[in-house]
Amino acid sequence: MKKGAQVEAVINDFISKELVRDPAQLPLTAGASLLDSDILDSLSLLQLVVFLEERFGIIIGDADLLPENFSSIDSICAYVRAREPEEQAAHG
């Protein structure tokens, strides 16, 4: 499995198991809006941020808590990939 697919699988799995309250919303698609479907609210966003920081070793600053970074699994994956430590070293 490619690394990008692994990131998506890990994030999808966490959101599906920990944040989705209505089983009718499963399975989640990578492009589905987590905000419009009320999967992400302020509390679940905090849970997601803590999970992402611990799982991927990144720091998510307050300035990055924008709807466009967390609107879907695709956008979360893109955000995480852009901030992974080895990516930062390669670009930094």
Side-chain angles (χ1 to χ4, degrees):
M1 184 185 300
K2 290 197 299 192
K3 187 172 184 180
Q6 283 181 311
V7 169
E8 182 177 317
V10 167
I11 292 170
N12 192 325
D13 189 58
F14 175 80
I15 292 171
S16 296
K17 289 181 178 173
E18 303 295 329
L19 305 181
V20 173
R21 294 181 254 330
D22 180 1
Q25 293 176 309
L26 298 173
L28 293 175
T29 61
S33 174
L34 302 175
L35 303 172
D36 291 344
S37 59
D38 293 326
I39 292 171
L40 276 186
D41 57 21
S42 56
L43 182 59
S44 57
L45 178 61
L46 183 59
Q47 288 176 270
L48 178 60
V49 165
V50 169
F51 168 77
L52 295 173
E53 288 182 334
E54 290 175 354
R55 177 64 177 78
F56 297 103
I58 61 174
I59 304 287
I60 299 173
D62 292 345
D64 291 332
L65 296 177
L66 303 170
E68 57 265 26
N69 289 336
F70 296 93
S71 62
S72 68
I73 291 172
D74 278 343
S75 62
I76 296 167
C77 290
Y79 175 84
V80 167
R81 280 193 289 273
R83 279 149 189 81
E84 284 185 294
E86 66 269 15
E87 292 295 317
Q88 289 179 344
H91 296 297

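Numbers here are sequence positions counted from 1.
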Where is the tightest heavy-atom contact between Y79 and G61, given as atom of each residue plus distance?
-> OH-N, 4.4 Å
Are I58 and L65 in one and the same hydrophobic cluster, where Ile, Leu, Val, Met, Phe, Trp and Tyr link if side-chain heavy atoms are under 4.5 Å apart?
-> yes
Is there a side-chain contact between D74 and I76, using heavy atoms and a 4.5 Å cut-off?
-> no
For the residue pair S44 and D41, confirm or rule out a side-chain donor-acceptor distance under 3.5 Å.
-> yes
Could you tell me whether the side chain of E53 and the main chain of I60 form a donor-acceptor pair under 3.5 Å?
-> yes
CG/D22: more than 12 non-hydrogen atoms of other groups inside 6.0 Å = yes
Determine the interplanar angle of the F51 and F14 rings, folded into 0 to 90°, and report it as parallel if under 30°, tilted if 30 to 60°, perpendicular if over 60°.
-> parallel
Where is the tightest heavy-atom contact between D38 and R21, given as atom of each residue plus distance?
-> O-NH2, 4.0 Å
Determine yes or no for a side-chain-to-main-chain donor-acceptor pair under 3.5 angstrom, with R83 supplying the side chain and R81 the backbone.
-> no
Given the rule in the side-chain contact (heavy atoms from CB on, under 4.5 Å) test, do L52 and I11 qualify, once you have shown the distances and angles that lead to the verdict?
-> CA-CA 8 Å; L52 295 173; I11 292 170; 3.9 Å; yes
Compare every heavy atom of L28 with every heavy atom of S16, then report the nearest pair and how far apart it is.
-> OG-CD1, 3.6 Å
Determine the minimum heavy-atom distance between A32 and S72, stating which atoms define it.
-> O-CB, 3.3 Å
Hey, which of V20, L19, I15 is the one that makes side-chain contact (heavy atoms from CB on, under 4.5 Å) with Q25?
-> V20
